[in-house]
S.K.: 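Let me begin by handing over the structure; questions about it come next.
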Amino acid sequence: MNPPERAPVLRVRDLVKEYGEGDARVRALRGISLDVERGDYLAIMGASGSGKSTLMNILGCLDIPSSGTYLIDGADVGRLDEHQLAILRNRRVGFVFQSFNLIPRMSALANVELPLVYGGVGQAERRARALAALEQVGLTDRVHHEPNQLSGGQQQRVAVARALVTAPALLLADEPTGNLDTASTGDVLAIMDRLSESGRTIVLITHEDDVAAHAKRVIRLVDGEVVEDRRQAPVDGPPPRLRPSEEAAVR
Ligand code: ADP
Ligand code: MG
């Protein structure tokens, strides 16, 4: 399943999602189309009920659309069987949820190793990769702590490490700072910024402007439709990298 070189990480076309039947029918997504290129950092914004989580769950292959197509890394998700889908979900997508979703009474290290257990990676390699991921989020000194021995911010950093440990093509985060205080929000966003600078593709859902300000691109949903799609310079990020000709012009 080698993707063609230049396929975008995500290609979404006319995605519709309806819940329920008849009078109770809700159209959560009303025809979403978008591409996300490798290395992009996209924030999806919108009021509560605008369809953000529905879109995220479909992007992460946790749910299926009513109609429309969705390609991840060039693979048409709608055409995959259960087994292929499970592999895609395990290897190509990393998730971070608002409520952390760590397994209680398992150490941080064991939590981060878990996707590799499902992925069939051997124990020694699993351990090494999980430790490296925990180091990336600054938790080397907490690897043997269980979730209830960690602060909310630390738990979310474990969740980010767990999402990263499979080296996914795409990191999806649904309101990752929604349950965090200001300081921990800053920590998690700084990690996301670093991951973005190192070339990771990130799609983050938020309803907070301060959080969205970290992204390179912002999409706004209203009632299941994209009403805005704009690029922005990140507020605290490094200056844009210029081409030599541009550099000559400004220096
Ligand atoms: P957001 O994440 O932006 O708050 P959601 O994607 O959770 O929005 O919800 C979009 C719409 O779909 C809402 O009207 C919500 O009530 C509805 N919805 C979401 N999940 C379900 C479900 N499992 N069954 C029925 N309706 C749902
Ligand atoms: Mg939501």
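Whatever order the structure lists them in is the order used to number ligands and atoms, beginning at 1. We number each residue from 1, following the sequence as shown. Worth knowing before you read on, the calculation uses all heavy atoms, side chains too, and leaves out hydrogens, waters and symmetry mates.
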S.K.: Would you say Gln98 and Asn179 are linked by a side-chain donor-acceptor pair, where the criterion is simply a distance under 3.5 Å?
M.R.: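 Note: Asn179 and Gln98 side chains meet the donor-acceptor criterion.
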S.K.: Any atoms of ligand 1 less than 4.0 Å from a non-hydrogen atom of Ala47? List them with their elements.
M.R.: 3 (O)
S.K.: Show me the donor-acceptor pairs, under 3.5 Å and distance only, between side chains in residues 109-116 and residues at least two apart or in other chains.
M.R.:
| from | atom 1 | to | atom 2 | distance (Å) |
| --- | --- | --- | --- | --- |
| Asn111 | OD1 | Ile103 | N | 2.7 |
| Asn111 | ND2 | Ile103 | O | 3.2 |
| Asn111 | ND2 | Met106 | O | 3.0 |
| Asn111 | ND2 | Ser107 | O | 3.1 |
| Glu113 | OE1 | Arg126 | NE | 3.2 |
| Glu113 | OE2 | Arg127 | NE | 2.8 |
| Glu113 | OE2 | Arg127 | NH2 | 3.1 |

S.K.: Among all the protein's non-hydrogen atoms, which is closest to atom 14 (O) of ligand 1, and how far away is it?
M.R.: Val26 CG1, 3.8 Å
S.K.: Just verifying a value: how many Å separate Ser50 OG and Arg220 CZ, rounded to the nearest 0.5 Å?
M.R.: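 Rounded to the nearest 0.5 Å, the OG-CZ separation comes out at 9.5 Å.
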S.K.: For atom 4 (O) of ligand 1, state which one of Gly49, Ala24, Gly20, Ala28 supplies the nearest heavy atom.
M.R.: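 That would be Gly49.
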S.K.: Does a side-chain N-to-carboxylate-O contact under 4.0 Å join Glu18 and Arg27?
M.R.: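 Judged by the 4.0 Å cut-off on N to carboxylate O distance, Glu18 and Arg27 do form a salt bridge.
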S.K.: Just heavy atoms, cut-off under 4.0 Å: does Thr54 contact ligand 1 by side chain, backbone, both, or neither?
M.R.: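 The part of Thr54 near ligand 1 is both the backbone and the side chain.
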S.K.: If we ignore angles and hydrogens, is there a donor and acceptor under 3.5 Å between the side chains of Thr201 and Asp40?
M.R.: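 Short answer, no.
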S.K.: Taking ring-ring contact (aromatic ring centres under 6.0 Å, His included) as the cut-off, I'd like each qualifying pair that reaches into residues 107-148, sequence neighbours left out, listed once.
M.R.: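 Residue pairs with at least one partner in residues 107-148: there are none.
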S.K.: Tell me: protein heavy atom nearest atom 8 (O) of ligand 1, and distance?
M.R.: Gly51 N, 3.2 Å
S.K.: Do Met56 and Leu85 share a hydrophobic cluster (ILVMFWY, side-chain heavy atoms under 4.5 Å, transitive)?
M.R.: yes
S.K.: Which residue and non-hydrogen atom of the protein lie closest to atom 27 (C) of ligand 1, and at what distance in Å?
M.R.: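 Scanning the protein heavy atoms, the shortest distance from atom 27 (C) of ligand 1 goes to Tyr19 CD1, 3.2 Å.
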S.K.: Mind counting the protein N, O or S atoms sitting less than 2.8 Å from the Mg ion (ligand 2)?
M.R.: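 Protein heteroatoms (N, O, S) closer than 2.8 Å to the Mg ion (ligand 2) number 1.
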S.K.: Answer with yes or no whether Ser48 contacts ligand 1, where contact means a heavy atom under 4.0 Å from a ligand atom.
M.R.: yes
S.K.: Salt-bridge test for Lys17 and Asp63: reply yes if a basic N is under 4.0 Å from a carboxylate O, no otherwise.
M.R.: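 So Lys17 pairs with Asp63 through a salt bridge.
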S.K.: With sequence neighbours left out, what residues match Phe97 under ring pair (Phe, Tyr, Trp, His ring centres under 6.0 Å)?
M.R.: Phe95
S.K.: Which heavy atom of the protein is the closest neighbour of atom 7 (O) of ligand 1, given with residue, atom name and distance?
M.R.: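 Ranking protein heavy atoms by distance from atom 7 (O) of ligand 1, first comes Ser53 CB, 3.8 Å.
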S.K.: Scan side-chain atoms only and decide if Arg157 and Gln155 contain a donor-acceptor pair under the 3.5 Å cut-off.
M.R.: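 Per modelled atom types, Arg157 and Gln155 side chains form no pair under 3.5 Å.
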